[in-house]
Amino acid sequence: MNMDRWSPVILSLVTFIPLAGALLLTLLPRRDRDIRVFALVVSLLTFVLSLHLPVHFHRAQAGFQYQIDTPWIPTPDIHYHLGVDGISMWLVVLTTFLTPLCVLISWKSIQQRVKEFFILLLVLETAMMGVFVTLDLFLFYFFWEATLIPMALLIGMYGHGRKVYAAVKFFMYTMIASVFMLAAILWLYAKIGTFDFVTIQNAIRAGQVANFAGAAQWLFLGFFIAFAVKVPLFPFHTWLPDAHVEAPTAGSVLLAGILLKMGTYGMLRFNLGLFPEQARANAWWVMILALIGIIYGALVALVQPNMKKLIAYSSVSHLGFVILGVFSFTPAGLDGATLVMLAHGISTGALFMLAGILYERRHSYEISEFGGLASSMPVYAAFFLFMVLASVGLPLLNGFVGEFLVLSGAFQARAVYGVLGATGVIWSAAYLLWLYQRVFFGKIMHPVNQTLSDLDVRERVALLPAAAAALVMGVAPLLWLNAIDPAVHTALAPFEQLASKVAGQ
Amino acid sequence: MTPNLHLWLIPLLPLVGAAINGIFGKKFSRQTVAGVALSFSGAAFLKVLAVAFSFSSLAIPHTETLATWIRAGSFQADFAFYLDQLSLVMLLVVTGVGLLIHVYSVGYMWEEGGFYRFFAYLNLFMFFMLTLVLASNYLLMFIGWEGVGLASYLLIGFWFTKDSAAAAGKKAFIVNRIGDFGFLIALFLLIKHFGSLNFEVVARSVSPLSPETGGAGLLTAIGLLLMVGAAGKSAQIPLYVWLPDAMEGPTPVSALIHAATMVTAGVYMVSRSHVIFERAPTALMVVAIVGTLTALFAATIGVTQTDIKKVLAYSTVSQLGYMFIACGVGAFSAAIFHLMTHAFFKGLLFLAAGSVIHAVGGEQDMRQMGGLRTKIPWTFWTMTVGTFAIAGIPPLAGFFSKDEILWRAYQASRVYWATGLFTALLTSFYMFRLWFLTFFAEYRGTAEAADGHSPPHGHADGHRGIHESPMVMVIPLVVLAVLSFTGGWIGVPGSLGGSNRFDKFLGAVFRSTTPALDPQQQAAGEVTSAEKETEAPEPQSGHATELVFSGISVLAALIGFGLAWLLYWRNPLWPQQIASSLGGLYQAVVHKYYIDELYATLLVKPLIAGSALILWHGIDRDVIDATLDNSAHGANEVSDAVRHMQSGNLRSYAGWVAAGAALVIAYMVWMGTR
Amino acid sequence: MVPISYYLILSGILFACGVTGFLIKRNIISIFMSIELMLNGVNLSFVAFAAQWHALSGQVFVFFVMVVAAAEAAVGLAIIISVYRTRETLNVDQVDLLKL
């Protein structure tokens with residue numbers, strides 16, 4: 001069967017099948033087990049379909065592939081325009097990869113209002129993928145905001161502790177920041193007459209946009225502030241620890257694994273893609289904030305007594321690396337940034353899953369509640385160590401390649417960026433290994449920990465794909481870089497022209 | 001036609017063994033686990049031998065590329081292996097000594113829990129170390145570099161229920177990471193300026209540069225940063241602090257990782273990068289100075305330690321310092337020579353120490369030992385060979401390698417030589433001190449220990465009293481003793497009638513790209529720059545001087561022996577009296593100059609306290625979050641104020657409507673009159 | 001001819017009485033009567049102007065206003081009855097909870 005036949009519609013299928021599944025779920029009767037199985041089937045189906053994307057991707061071809069472009073609303077001129085390049089394709093696959101794992105990990109921990117939970121999860125999946133595949137600015141904003149509602153509900157309904165505070169903080173903070181992006185989008189529409197990304201990009205490059213030079217900095221900032229809050233970039237990061245700690249496990253996994261990448265993806269696609277000159281002009285303070293994020297995030301993680309908050313701050317640190325790479329404007333930097341995005345999604349997602357497994361048993365994330373767990377839960381300890389090593393950036397696991405390339409690129413941009421960023425390897429080892437030691441090594445301090453059950457089959461099935469992916473990505477990153485590198489070169493083309501323009505003056 | 005030797009098998013065989021034991025080992029019997037571990041590391045050793053035998057028929061250097069690992073823009077790094085004389089020597093040492101220690105471990109760890117885990121980790125270590133040694137580019141070497149750090153972490157913390165072991169493993173990893181930070185910056189510099197991390201490409205790009213043509217600044221920076229990495233991995237000042245703590249791990253681990261192989265990775269890396277260092281005289285000088293200081297510093301501490309493993313640990317740090325002195329004066333093949341002989345005798349010493357500890361039921365304090373000479377003869381005699389070797393008594397291996405270093409050091413600077421000589425004296429002293437305390441006089445331990453019931457240092461044992469180790473542990477000791485005795489004979493210098501075949505063998509590696517050298521300048525009594533040395537063979541006229549210096553070294557060793565004999569055999573009460581009379585100085589030395597405490601107070605505690613109080617509570621909670629919460633509060637307050645408009649009272653609404661209408665009418669009237 | 005200002009002043013007085021009553025009175029029916037008063041004041045000024053400008057549209061508008069006033073009175077009185085039934089009072093100050 002010629003699978004290529006599916007290429008014209010594959011993006012629509014992959015994006016909306018979860019939504020269709022969610023709608024079907026509303027019709028199903030409230031038998032919890034059936035609901036879970038159905039959700040698992042839908043998310044697995046989406047994952048399998050999404051594999052079509054890398055398999056049939058034309059690596060040498062630059063630009064967007066699998067494009068679907070149909071006019072949708074005539075006034076204002078909104079197209080249903082979907083398409084992926086090497087970078088967004090892998091982010092889509094990451095999304096479809098993590099969602100079934102989230103379904104598996106929530107199997108036992110969600111016992112009330114199960115139906116609503118999985119409906120929200122599937123709707124969230126569609127919204128997240130929509131962000132990555134759409135090439136129309138209106139649709140982008142639509143999907144961007146659409147991710148907020150299911151996630152806020154997931155945190156507020158199924159979380160614990162100060163869940164409502166965390167959900168409201170997450171929702172309000174991100175939405176207010178996004179309003180600036182909306183303003184920028186509307187300005188662009190007013191001046192260019194379309195929401196289509198490619199058209200807008202070409203118009204800007206050709207210099208056909210009236211009053212552009214005066215407004216460009218504000219447009220850049222408008223987009224930037226929305227993405228900066230999402231990433232999160234210091235000092236806009238404080239919603240993240242609260243949201244993560246109080247969220248249910250699946251919420252944390254998707255929040256850390258995908259939602260944060262929406263911010264960095266947005267910066268790459270829009271800030272760099274539409275406003276290269278402003279990006280270059282503003283890079284200096286963005287890099288400083290990224291460096292602060294790396295070091296500050298790591299140091300604050302070091303002193304957290306709550307396991308999930310520690311992992312949350314480690315996300316701040318890791319995403320700092322991504323920004324460092326993106327704004328270095330070097331191939332190594334952007335390649336590395338994309339790889340860190342993918343690697344972080346897998347390793348931090350897995351760490352959250354592991355924390356959730358422990359919570360199911362002991363209903364606590366406090367590190368002081370544990371200690372010596374390697375004796376009672378050896379398999380769990382092994383998985384945890386594996387993901388800690390991936391997070392710490394051990395070579396041959398997925399974290400290293402991206403981190404190395406990012407730092408190399410940052411170093412090429414300006415040596416001091418690379419040097420300061422490289423200190424991150426010391427801090428990450430410090431907080432992660434100290435966490436591991438306090439939780440797993442030593443004697444068992446609390447007798448209740450002695451009888452904890454090790455991982456069961458379901459939990460192993462949920463964790464194994466992440467571990468395997470971490471290993472394969474570390475050993476054979478070319479499988480991913482083959483598609484990412486050409487996309488990065490396309491993204492960097494205007495910067496090389498800028499550099500030669502500056503040099504030629 | 002370059003034959004494909006399938007070099008990739010060498011690291012991968014132990015990896016397979018690690019995977020099998022790691023995943024399935026829990027269900028295997030001990031024999032199966034041991035069998036798997038020994039077969040795969042043995043197979044790697046055989047493969048290395050096969051490569052060694054066919055070595056002369058190969059075109060050297062011989063490279064094999066397995067696959068591309070990373071390609072980003074113009075940067076590429078491959079899974080590619082590089083075989084030359086240097087890597088062959090390292091391969092033989094790593095697989096040979098490694099296999100011996102694997103065999104020994106079967107006996108040592110037989111009674112321990114986690115048997116399969118131990119051998120999985122040990123094989124994993126072999127995989128990473130062999131990758132490090134065979135790598136053809138710095139990035140692949142870095143995989144091995146970090147990987148051996150991981151294996152070290154896992155093995156130091158093997159008895160993880162013990163808090164001190166877990167902490168020691170974490171400390172090792174983090175301190176190593178500090179070194180890796182320097183290493184990484186060096187790699188970035190290499191990529192930025194030379195576009196590649198491949199050894200051959202870098203060597204080609206660096207060769208035309210020389211200190212005069214302005215490449216010095218860059219190369220010095222790269223060299224210094226590489227040295228930072230080496231200082232972390234090879235436990236030099238200021239990053240040596242993890243190695244003594246690493247003695248928490250089982251003794252075979254100390255032998256293999258923290259004596260024979262992993263800690264030598266820094267020396268190997270510096271030697272591999274000799275092209276860079278030879279063109280950066282300042283960097284070389286720093287290397288030599290660090291080596292000299294570390295050698296002396298660690299030796300002084302070793303003199304006062306009472307734990308048999310700690311003495312050997314500080315001795316290792318000190319001997320590594322010697323290797324860096326050699327590198328720092330440009331005598332890279334001498335450094336590798338000493339690396340090899342050190343692997344033999346230090347590995348032997350650690351294994352024998354393990355045998356001693358095994359014999360006395362887990363006791364590691366030498367003050368509780370004594371008189372073991374007749375009770376554990378095999379251990380005694382092999383350890384004696386090791387002790388004589390490290391002290392530098394001819395014709396054992398340590399003499400030749402140490403002597404060559406001292407001779408080359410003298411030619412660069414008298415300060416290096418003098419310090420090295422004094423350190424050799426101290427080395428001899430503390431090693432014979434160990435020898436006398438452990439094996440001579442009467443047994444000072446408790447009765448329970450003699451019956452094998454003393455509290456184990458994580459080392460469980462039967463109830464058999466002081467007993468010799470089983471053959472599976474003794475045979476590796478014997479093999480290593482033979483090697484410690486004869487290992488130096490391939491490096492006999494011309495002054496003693498030999499042809500120094502070892503130096504010639506490695507010369508091909510180090511001679512190829514040496515630039516023209518500056519003549520030595522020596523200010524009186526001061527360390528100077530430009531300490532580069534050619535590897536050209538010694539002229540006949542230098543032989544007599546060299547013989548004199550060899551004699552001086554032997555004399556120093558004998559003085560050390562004499563002092564130890566005096567203080568620990570003849571007059572055993574004197575050491576205590578000397579220690580008390582030295583008072584504070586002695587206390588400082590025995591507490592390792594309080595360096596660990598210094599690091600804790602100056603670095604660790606402020607970092608944690610600062611992060612908690614200033615960053616987390618101060619900035620994150622009280623500034624950023626406070627701003628957010630306050631702005632939310634402010635919005636609430638405004639709402640509260642405005643809320644009062646919506647009173648539900650119809651007449652107040654009516655009032656507002658009327659007021660608004662009046663305003664509008666007034667405005668219209670006003671507009672109309674304008 | 002009576003000057004138009006007389007009509008307008010009368011209209012204004014009526015309107016002012018209506019507004020004052022609307023603002024001051026507490027009985028909801030009194031408030032409604034004030035509203036009717038306001039509307040009639042406006043009607044008067046419409047008619048006055050229609051007479052002056054000889055424009056029929058003013059008087060047509062009066063019809064509109066009267067119809068709307070009638071409809072409004074019908075609906076308003078229905079609401080008053082509903083409120084009275086549940087709240088037992090016609091005092092507008094006591095019906096301030098916006099819910100029935």
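Every chain is numbered from 1, with letters handed out A, B, ... down the list of sequences.
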**Request:** Look at the side chain of Asp485(A) and the backbone N and O of Gly73(B), then say whether any donor-acceptor pair between them is shorter than 3.5 Å.
**Result:**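 Checking the backbone N and O of Gly73(B) against the side chain of Asp485(A), a donor-acceptor pair under 3.5 Å is found.
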**Message:** I'd like to know if the side chain of Arg177(B) and the backbone of Val425(A) have a donor-acceptor N/O pair within less than 3.5 Å.
**Reply:**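 Side chain of Arg177(B) to backbone of Val425(A), a donor-acceptor pair under 3.5 Å: yes, one is there.
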Contact origin within [X] toward chain A - heavy atom pairs under 4.5 Å:
X: Ala167(B); result: both
X: Leu628(B); result: side chain
X: Leu189(B); result: both
X: Asp629(B); result: side chain
X: Lys26(B); result: side chain
X: Ile178(B); result: both

Which atoms form the tightest heavy-atom contact between [X] and [Y], and what is the distance?
X: Ile624(B); Y: Pro235(A); result: CG2-O, 3.5 Å
X: Trp616(B); Y: Val303(A); result: CZ3-O, 3.7 Å
X: Ala422(A); Y: Ile185(B); result: CB-CD1, 3.7 Å
X: Ala332(A); Y: Ala72(B); result: CA-CB, 4.5 Å

Which answer fits [X], side chain, backbone, both or neither, if we ask what part of it has an atom under 4.5 Å from a heavy atom of chain B?
X: Leu481(A); result: side chain
X: Trp239(A); result: neither
X: Ser428(A); result: side chain
X: Leu433(A); result: both
X: Leu478(A); result: both
X: Pro378(A); result: side chain
X: Leu385(A); result: side chain

**Message:** Classify the ring geometry of Phe400(A) against Trp69(B): parallel below 30°, tilted from 30° to 60°, perpendicular beyond 60°.
**Reply:**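 Plane angle under 30°, so parallel.
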**Message:** Side chains of Gln437(A) and Lys170(B): any donor to acceptor distance under 3.5 Å?
**Reply:**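 Yes, side-chain donor-acceptor contact under 3.5 Å.
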**Request:** Going by the side chain to side chain contact (heavy atoms under 4.5 Å, CB included) test, name the single residue among Leu397(A), Leu389(A), Leu396(A), Val392(A) that passes it with Leu150(B).
**Result:**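 Testing Leu150(B) for a side chain to side chain contact (heavy atoms under 4.5 Å, CB included) against Leu397(A), Leu389(A), Leu396(A), Val392(A) leaves exactly one candidate, Leu389(A).
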**Prompt:** Is the shortest side-chain N to carboxylate O distance from Lys169(A) to Asp625(B) below 4.0 Å?
**Reply:**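 A salt bridge links Lys169(A) with Asp625(B).
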**Request:** Verify ring pair (Phe, Tyr, Trp, His ring centres under 6.0 Å) between Phe404(A) and Phe142(B), making sure each step is shown before the conclusion.
**Result:** CA-CA 11 Å; Phe404(A) 182 80; Phe142(B) 193 72; 7.1 Å; no
**Prompt:** When rounded to the nearest 0.5 angstrom, what is the spacing between CG in Leu339(A) and CD1 in Ile70(B)?
**Reply:**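 It comes to 8.5 Å.
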**Approximate separation, where rounding is to 0.5 Å, of Ser631(B) OG and Ile176(A) CD1** =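 With rounding to 0.5 Å, OG (Ser631(B)) is 8.0 Å from CD1 (Ile176(A)).
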**Neighbour count above 12 (heavy atom, 6.0 Å) for His617(B) NE2** =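 More than 12 heavy atoms, drawn from other residues, nucleotides or ligands, come within 6.0 Å of this atom.
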**Message:** Between Ile191(B), Leu607(B), Leu615(B), who has the most heavy-atom pairs with chain A when the cutoff is under 4.5 Å?
**Reply:**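 Greatest number of close heavy-atom pairs with chain A: Leu615(B).
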